[in-house]
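What follows is one structure encoded as structure tokens, with my remarks underneath.
Throughout, a chain's letter reflects where its sequence line sits, starting with A, and its residues are numbered from 1. Note: hydrogens, waters and symmetry copies are ignored here, and every other heavy atom, side chains too, is used.
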Amino acid sequence: MDIADFDRPAATVAAALIGHVLLVEGVGGTIVETEAYDRTDPASHSFAGPTRRNASMFGPPGRAYVYRSYGLHWCLNLVCESGSAVLLRALAPSAGLDTMRARRGLDDPRRLCAGPGRLAQALGIDASHDGAALDRAPFAWGPPEGPVAVAATTRIGITKAAETPWRFLLAGSPYVSRPLPRTR
DNA sequence: CACCAGATCTTCT
DNA sequence: GAAGATCTGGTGG
């Protein structure tokens, strides 16, 4: 991902990010699950306009938006077009496994980064990263290594706009927080 | 595996 | 003062 690529609709960026490698201080892996949120979306923190918490969502694209979830967890978003962002929900861990295991207090690689709170904990993300530029340290990026099969489905944990298919997955990945719903 | 309660706190109404 | 873009550990099939 080039920094300029973030200045597009969140759903476009969310799909394009699948398969890229994200590292924070050299720790991370391949992005396998994302969700998009934008200004016109009732489920988005930005829906009601700028506030103290969501200020980063209305700042320049290509930066981080970090918020506290349920008073317990940090969640990492990547800011796109003004008022929109992509929530990182899961990685396939590939770098700094020992660091992630220590931060998470468990071994199972499938559970190290499967979920927004878990991912942020494994990467050492907290409020100090809010507003940080994504094209310099501690962040580093790598392109997909081959063809990427992206699947789209509904988002998780929301009550408004629950039917909007803005959750993107690396098809078949065992590292997602929840599998693609069964079709029939 | 499914369901549920509890933890914990910032933000906005 | 209520509501969360969640996670974990418990219980019961």
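Counting only distance, with no hydrogens or angles, the side chain of A:S84 and the backbone of A:E81 share a donor-acceptor pair below 3.5 Å. Checking side-chain atoms of A:R103 against main-chain N and O of A:A122 turns up a donor-acceptor pair under 3.5 Å.
Of the candidates A:I18, A:L170, A:T34, A:I18 is the only one forming a side-chain contact (heavy atoms from CB on, under 4.5 Å) with A:V150.
For A:R178, the CZ atom sits in a loose shell: 12 or fewer heavy atoms of surrounding residues, nucleotides or ligands are nearer than 6.0 Å.
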Reading nucleotides 3-8 of chain C 5' to 3', which nucleotides get B (base under 4.0 Å from a protein heavy atom), which S (sugar-phosphate only), which -? -BBBSS
Please walk me through it: do A:S44 and A:R39 pass side chain to side chain contact (heavy atoms under 4.5 Å, CB included)? CA-CA 7 Å; A:S44 174; A:R39 186 63 212 275; over 6 Å; no
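For A:A114 against A:A90, the heavy-atom pair with the smallest separation is CA-CB, 4.1 Å.
When the side-chain nitrogen and oxygen atoms of A:T51 are compared with OP1 and OP2 of B:dT11, none of them lie within a distance under 4.0 Å.
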Base-pair string, DNA chain C, Watson-Crick plus G-U, cut-off 3.5 Å on both distances, | for inter-strand, is ||||.|||||||.
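Salt-bridge check for A:R167 with A:E33: passed, with a basic side-chain N closer than 4.0 Å to an acidic carboxylate O.
Remark: A:R155 qualifies as a cation-pi partner of A:Y37 under the 6.0 Å distance and 45° angle criteria applied to the six-membered ring.
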